[in-house]
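Please read the structure below before turning to the comments.
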Amino acid sequence: AQTVTQSQPEMSVQEAETVTLSCTYDTSESNYYLFWYKQPPSRQMILVIRQEAYKQQNATENRFSVNFQKAAKSFSLKISDSQLGDTAMYFCASLSNSGYALNFGKGTSLLVTP
Amino acid sequence: DAGVTQSPTHLIKTRGQQVTLRCSPISGHKSVSWYQQVLGQGPQFIFQYYEKEERGRGNFPDRFSARQFPNYSSELNVNALLLGDSALYLCASSFWDTSSGNTIYFGEGSWLTVV
């Protein structure tokens with residue numbers, strides 16, 4: 001089974017600054033997928049970024065990028081130029097290539113302040 | 001294109017009753033999964049269906065059941081509701097191809113309150 005750990009229950013960042021959310025995971029699979037989802041107060045789970053484990057290049061989506069360290073089983077999310085609309089819960093999740101269930105961490109609550 | 005759609009968005013049920021939640025995946029997606037998210041926690045996997053077949057089941061009691069229809073929409077049924085079933089139920093639609101791998105999108109969820 002895969003486990004995902006998010007060690008930061010809450011974080012705060014000022015508008016326009018950069019923040020990094022941490023995630024570690026445990027898996028015995030050789031290939032798998034990693035995801036970051038954003039869940040604002042509306043509770044819809046929004047896909048932020050995804051990474052395939054066999055791709056060494058870190059994924060990037062506009063202001064969002066990841067630092068994927070496969071050997072360390074670490075998958076952190078960097079948000080640049082933080083905006084008030086980035087305030088939300090952020091969940092890290094893993095999916096094995098042969099599996100079907102996303103395994104979620106407990107989430108990090110991010111507050112962006114003016 | 002429409003995203004993953006779920007209905008109803010909110011509902012209140014009494015203990016012991018039964019509930020049916022519905023989900024329509026993104027057009028072209030053949031896989032639908034269901035997750036339960038209780039307040040303050042990450043979502044927990046309940047079921048996945050692909051091409052109308054159950055591919056996986058999480059650690060939930062037999063009171064929970066689901067099915068997928070020929071148009072790939074899905075229903076989640078929960079019988080004999082307990083107070084602890086109160087949660088946000090999320091439906092996810094997924095698509096896999098050789099170029100982009102596996103991508104999973106969620107609907108807005110169905111809020112179930114059991115009183």
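Computed from a predicted structure; not experimentally measured. Below, all heavy atoms of this structure are taken into account, side chains as well, without hydrogens, waters or symmetry copies. Below, chains carry the letters A, B, ... as their sequence lines are ordered, and counting in each starts from 1.
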Problem - Interatomic distance, N103(A) atom CG to Q44(B) atom CD [nearest 0.5 angstrom] - result: 8.5 Å
Exercise for the section: Give, for atom CZ of F104(A) and atom CZ of F45(B), the distance between the pair rounded to the nearest 0.5 Å. Expected result: 11.5 Å
Fill in the blank from the handout: Residue from P43(B), G56(B), G109(B), S94(B) scoring the most non-hydrogen pairs under 4.5 Å with chain A is P43(B)
Problem - Side chain proximity check, R43(A) to L39(B), heavy atoms < 4.5 angstrom - result: yes
Handout entry: Test item: I104(B) and Y37(A) side chains (from C-beta on) under 4.5 Å apart, heavy atoms
Key = yes
Exercise for the section: Would you mind checking which part of L47(A) comes under 4.5 Å of any heavy atom in chain B, side chain (CB onward), backbone (N, CA, C, O), both or neither? Expected result: side chain
Problem - Contact class of I46(A) relative to chain B, heavy atoms under 4.5 angstrom - result: neither
Practice task
Please indicate whether R15(B) has more than 12 foreign heavy atoms, meaning atoms of other residues, nucleotides or ligands, lying under 6.0 Å from its CZ.
Solution key: no
Practice task
Go through the atoms of Q39(A) and report whether side chain, backbone, both or neither lie under 4.5 Å from a heavy atom of chain B.
Solution key: side chain
Handout entry: Which atoms of Y50(B) approach chain A - backbone, side chain, both or neither, heavy atom under 4.5 Å
Key = neither
Problem - Side chain to side chain, F91(A) and Q41(B), heavy atoms closer than 4.5 Å - result: no
Problem - Interatomic distance, M45(A) atom CE to L90(B) atom CG [nearest 0.5 angstrom] - result: 5.5 Å
Exercise for the section: Take atom CG of N71(B) as the centre, draw a 6.0 Å sphere, and report whether it contains more than 12 heavy atoms from other residues, nucleotides or ligands. Expected result: yes
